[in-house]
Each structure stands twice: as C-alpha cells, then as structure tokens.
Trainee: 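I am attaching a structure below and will ask some questions about it afterwards.
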Amino acid sequence: MPQNIQYRLGKSKAFKGFIIFLSVLCTLPLFLILIYILKEGFTKINWHFLVNLPKPVGETGGGIANALIGSLLIVFYAAIIAIPFGIMGGIYLSENKKSRLSYWCRLSVDVLQGTPSIVVGIVIYFWIVKPLGTFSALSGSIALAIMMLPIVVRSTEETLKLLPSTLKEAGLALGLPYHKVILRIILPCGFSGVLSGIILAVARIAGETAPLLFTAFGNPYFSTNILKPMQSLPLLIFNYATSPYDEWHDLAWGAALILLIWVLLLNIITKITTRRWKIQF
Amino acid sequence: MENTILKAIDFDAYFGENHVVKKINMEIPKNNVVAVMGPSGCGKTTFLRCINRMHELIEGATTKGKMMLNNEDVYGMHPIFVRHKIGMVFQRPNPFPNLSIYDNVIAGYKLNGMKIAKRDKDIIVEQSLQKAALWNEVKDSLHKKGTFLSGGQQQRLCIARAIAMEPEVLLLDEPTSALDPISTSNIEVLLHELKNNYTIIIVTHNMQQAGRVSDKTAFFYMGELIEYDITKNMFTNPQDKRTQNYITGRFS
C-alpha cells in the first residue's frame with residue numbers, strides 16, 4: 001500500500017522537523033540573553049571599569065574592581081572548603097554503593113542540592129554571622145560551599161562509578177594499600193570528570209546572590225579581609241540594578257556581562273578539560 | 001613434599017550462602033605450570049582468587065580451610081604481603097591507564113612507597129619487560145601510556161607488572177581469553193620461559209591451552225576438584241568419568 005507508506009514517512013518527517021524546531025527553541029533563550037546583555041553591557045566595559053571602584057552617586061564613571069576581586073575571593077574560598085569534602089564524599093559513595101551511610105549520604109546530598117539558596121543563606125546567618133557579630137566574606141564562602149558540595153559529590157561519584165572495577169583489582173592484586181589504589185589510580189583515572197564537576201560547580205555558585213545577602217553582605221569599598229563584609233558581582237548587580245540612578249544601572253549591566261562571560265568561559269574550559277584529560281582505556 | 005610451594009587443605013569458598021568451592025585439597029609443585037580447567041561456573045576462578053585473597057574483596061564472600069604458601073597460612077598473613085608474594089594477571093588486560101609503560105611496571109614499588117634508586121628502577125623495568133618478552137617492542141616508547149599498546153602487548157605489560165614484584169607464584173585468570181591467536185601463542189611461549197623463575201597457576205577454558213602449557217592439570221566441576229594429575233596422564237588416561245566426558249567434549 002504505497003499511500004500508507006507515504007503517509008507514515010510523512011509522519012516521520014514531521015516528527016523530525018518538530019524535534020529540530022524544539023531544540024532550536026532550547027538554544028534560543030541563552031542567545032537572546034547573551035545578545036541583550038552584550039548590547040547593554042558591552043559599551044560599559046573598559047579598563048577603568050575593571051580596575052576602579054564605584055563612584056558615589058552623581059559622578060560618572062567608576063568600576064567594579066571591588067566586586068570582581070570579592071567574587072573571585074569568595075568563590076575561591078568556597079571551592080577550597082567544598083572540594084575536599086565533596087571529593088571524599090564522592091569517593092565513599094562510589095565505593096560503598098549499598099551501605100546504610102551511603103544511602104543517607106546520597107539522600108541528604110540530593111536534598112541539599114534542591115535546597116533553596118536563600119535558606120542556606122539565612123541558616124549561615126544564624127550560625128556564623130550572628131555569633132561572630134559581623135557580616136563576613138568567610139560566611140559567604142561557607143554558604144556557597146554548601147551550595148557547591150552536592151554538585152562535587154555527585155559528579156565525583158558518577159565519574160568514579162564508571163571506571164571499570166578491574167582497575168581497582170589490578171591495584172589491589174599488586175599488593176597496594178587501599179588508599180593508594182584510590183588516590184593514585186582511581187582518582188587520577190577519573191580526573192577529567194571530577195575536575196569538570198568542580199568547574200561546573202564553581203560556575204554555578206559564581207552567580208548565586210541569595211546566600212550572600214545576609215553573609216558577605218556587600219561593601220562599597222575595596223576589601224580583601226575575609227572576616228569583613230565584601231562586595232561581589234551578584235550582590236553588586238542586585239543592589240545597583242534596584243537603585244534609582246542611571247550610573248549605577250550602567251555598572252550593573254557591565255557586571256552582569258562580566259558574570260556571564262565568567263560562566264561561559266568556565267563551561268568552555270570544562271569542555272576542553274574533559275577532552276584533553278580523558279583517560280583512554 | 002619438599003618442593004611443594006602452595007598447598008590447599010580442605011579449602012572452601014562461599015558467596016554468601018552459595019558454596020562455590022568445595023573441600024579442595026591440592027598441592028602445587030614449585031616451578032611448574034599448573035592449569036585449572038573446567039566448565040563455566042565450576043569455581044576455578046574463585047579458587048584462583050582465593051589464593052591471593054582477592055576473593056574476600058567481594059561483599060559476602062568468605063572462605064574456610066587453609067591455603068599454605070611455603071608452610072605458612074596465607075589467611076594468617078596480611079593480604080598486602082600475600083599479594084606481594086603471589087602476583088596476578090587478569091582476564092582482560094588492565095594496565096593503569098593514567099601511567100606510562102615504565103610507571104606501570106614499577107607501580108608495585110612506587111605506589112607501595114618503596115624508595116629505590118633510579119638506576120635500580122631502570123634495571124627492574126628492563127628485566128621485567130624482557131622476561132615478559134615485551135622489551136624489544138616498547139623500549140623506545142617506555143614513557144608513553146600503556147594503553148596505546150595492542151591487547152596482547154597490554155597483557156604482557158600486565159605480566160611484566162606482576163613479575164616486577166618478584167612474586168613466588170603467578171596466578172593467571174584466563175589470560176588469553178580476550179586475545180587473538182597470535183597474542184595467545186606469544187603468551188603461551190612466555191609461560192614456558194617464566195616457569196624457570198616462578199610457579200604458575202593458570203585458569204583456562206581452553207583444553208588445548210591446558211595441554212600445551214601445563215605440567216599438571218586440575219579439573220574442577222561444580223566446585224569440586226575432580227581430578228588432578230600430570231597433564232599428559234590427564235589427557236590420555238583420565239581416571240574419572242566426568243573428566244573423560246569433559247575432555248572428549250561431551251559437556252562444556
């Protein structure tokens with residue numbers, strides 16, 4: 001029955017067209033956002049913008065140096081806190097698939113991943129900011145570390161789980177102690193996956209605003225003291241974009257573009273590292 | 001017997017409730033190649049993995065009985081020592097993919113934290129690769145990753161890695177089942193050389209291979225050691241009906 005076949009082929013074609021159309025729709029939001037931010041932010045970015053501090057209201061110019069350095073520092077400390085815990089937790093989960101501890105660990109990590117960031121912020125406020133009596137970059141880093149932790153744990157776990165078990169057996173059969181097998185063989189073999197998980201997590205927390213509102217708080221001046229309030233890009237965007245001043249709006253647009261470029265770069269680096277350091281079996 | 005290196009006494013192995021290796025009594029003479037054959041699921045690989053205590057790494061796996069290495073019970077020693085003395089080569093070549101050929105061979109020393117001079121390392125690497133008949137093929141690419149080698153070469157690299165530790169016994173778990181015929185015959189020739197220095201126990205599916213490489217052969221069936229004899233006798237004059245059936249291909 002040729003017409004019937006024609007009809008079915010037509011249906012297949014329509015379906016194919018439909019998925020292509022939808023995947024184009026999926027890429028569209030990023031491009032629209034990118035174009036819009038580029039249009040608004042590009043003209044604001046120049047050398048002065050990157051190295052100067054914000055000017056008081058009424059003066060033109062000024063930059064976001066304090067927020068840029070602040071963001072780098074806060075995210076850096078968050079990563080330092082989260083990475084060791086995350087990798088160790090991931091190793092435990094990949095090694096112990098069925099133990100009671102791994103069940104609870106996996107569950108709590110998953111729930112943590114879904115916890116609203118504002119909740120993390122407010123909890124850290126009560127745990128750290130209040131007892132210490134001051135907003136601080138450190139408390140912001142801790143809040144971000146908590147946001148980062150589940151991503152690192154799960155990506156480490158998933159990466160290591162995919163490695164063949166014969167690898168571990170080869171090490172143990174050579175009489176290597178367990179910790180050497182894990183640290184010198186298993187972890188290096190999964191290095192690209194673990195690293196890309198970390199980079200993605202860093203990209204993810206770089207733009208988090210809510211956990212920093214009651215912790216790092218923001219600071220109009222330049223500060224590198226992690227025990228004092230510190231400015232960061234998302235906070236600067238939040239504060240300046242909601243202000244009534246055009247000069248501040250300009251700073252916010254520029255900062256938004258910088259933040260977007262940061263995330264974009266980290267994602268590209270992830271793609272490159274996974275390709276470069278992929279271990280061939 | 002004076003030249004017995006390894007002796008299993010009433011040895012049992014279990015996976016949970018599953019009794020997979022039953023009351024094995026077996027003596028392995030020094031500097032021999034002993035083949036262990038039998039149909040799938042007969043417990044031969046499990047038995048092999050009991051010898052260097054790899055069996056117990058699987059959850060729920062337990063053992064009973066004694067495994068004497070030079071009159072010392074393997075199950076009374078620390079597993080790490082046992083595995084220094086008893087090397088193992090697996091079914092699929094598994095060189096460490098993150099290490100170079102050189103580092104793969106020396107891994108047993110390096111990752112065990114044994115400090116040795118660069119010169120001694122070079123000697124160990126060269127000798128081990130030579131014994132594994134791989135030196136000539138890789139001597140110019142020692143610092144390349146081991147995974148660039150062919151399957152057969154990788155397997156010989158794994159043998160080199162195992163013998164670099166100077167073990168007394170070498171366990172081979174179907175070492176050629178993932179290899180092509182040429183690589184297989186390379187490894188079989190190699191086993192003949194190796195038995196001058198090591199005692200070799202090889203698990204194999206392949207009867208012809210058992211016949212070609214071994215001095216003595218053990219036949220396992222349903223977890224039991226049915227027959228264990230000089231290979232020639234075993235193939236020409238099997239005592240047990242089941243051995244005879246297996247050798248003549250009546251079941252596999």
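Computed over heavy atoms, backbone and side chain alike; hydrogens, waters and symmetry mates excluded. In the text below, chain A, chain B and the rest are named by the order of the sequence lines, each starting its count at 1. Since the model is a prediction, treat every value here as computed from it, not as a measurement.
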Trainee: With a 4.5 angstrom heavy-atom cut-off, is it the side chain or the backbone of Ala107(B) that approaches chain A, or both, or neither?
Mentor: both
Trainee: Heavy atoms only: give me the nearest Met67(B)-Asp73(B) pair and the separation to one decimal.
Mentor: O-OD1, 3.1 Å
Trainee: Among Ile201(B), Ile202(B), Ile200(B), Asn52(B), find the residue that satisfies the side chain to side chain contact (heavy atoms under 4.5 Å, CB included) test when tested with Leu170(B).
Mentor: Ile200(B)
Trainee: Met88(B), Glu59(B), His84(B): which one forms the most heavy-atom pairs within less than 4.5 Å of chain A?
Mentor: His84(B)
Trainee: Taking heavy atoms only and a threshold strictly under 4.5 Å, list by residue number the residues of residues 176-186 of chain A that touch chain B; give 'none' if the list is empty.
Mentor: Leu176(A), Pro177(A), Lys180(A), Arg184(A), Ile185(A)
Trainee: Of the backbone (N, CA, C, O) and the side chain (C-beta and beyond), which part of Leu57(B) lies under 4.5 Å from a heavy atom of chain A, both, or neither?
Mentor: side chain
Trainee: Start with the C-alpha distance between Glu169(A) and Asn94(B), add both sets of side-chain angles, then the distance that settles side-chain hydrogen bond (donor to acceptor under 3.5 Å, both in side chains), and finish with yes or no.
Mentor: CA-CA 9 Å; Glu169(A) 290 199 324; Asn94(B) 55 358; over 6 Å; no
Trainee: Please say which of Asn267(A), Val152(A), Leu266(A), Leu195(A) ends up in a side chain to side chain contact (heavy atoms under 4.5 Å, CB included) with Leu200(A).
Mentor: Asn267(A)
Trainee: Can you list the steps and then say if Thr45(B) with Asp173(B) is a side-chain hydrogen bond (donor to acceptor under 3.5 Å, both in side chains)?
Mentor: CA-CA 7 Å; Thr45(B) 294; Asp173(B) 181 7; 3.3 Å; yes
Trainee: So for atom CZ, which belongs to Arg106(A), do other residues, nucleotides or ligands contribute more than 12 heavy atoms lying within a distance under 6.0 Å?
Mentor: yes
Trainee: Any side-chain donor-acceptor pair under 3.5 Å between Gln209(B) and Thr176(B)?
Mentor: yes
Trainee: Report which part of Leu171(B) has an atom under 4.5 Å of a heavy atom belonging to chain A: side chain, backbone, both, or neither.
Mentor: neither
Trainee: Is it the case that more than 12 heavy atoms not belonging to Lys30(B) sit under 6.0 Å from its NZ atom?
Mentor: no
Trainee: Highest number of heavy-atom pairs under 4.5 Å with chain A: which of Met54(B), His78(B), Met165(B), Arg92(B)?
Mentor: Met54(B)
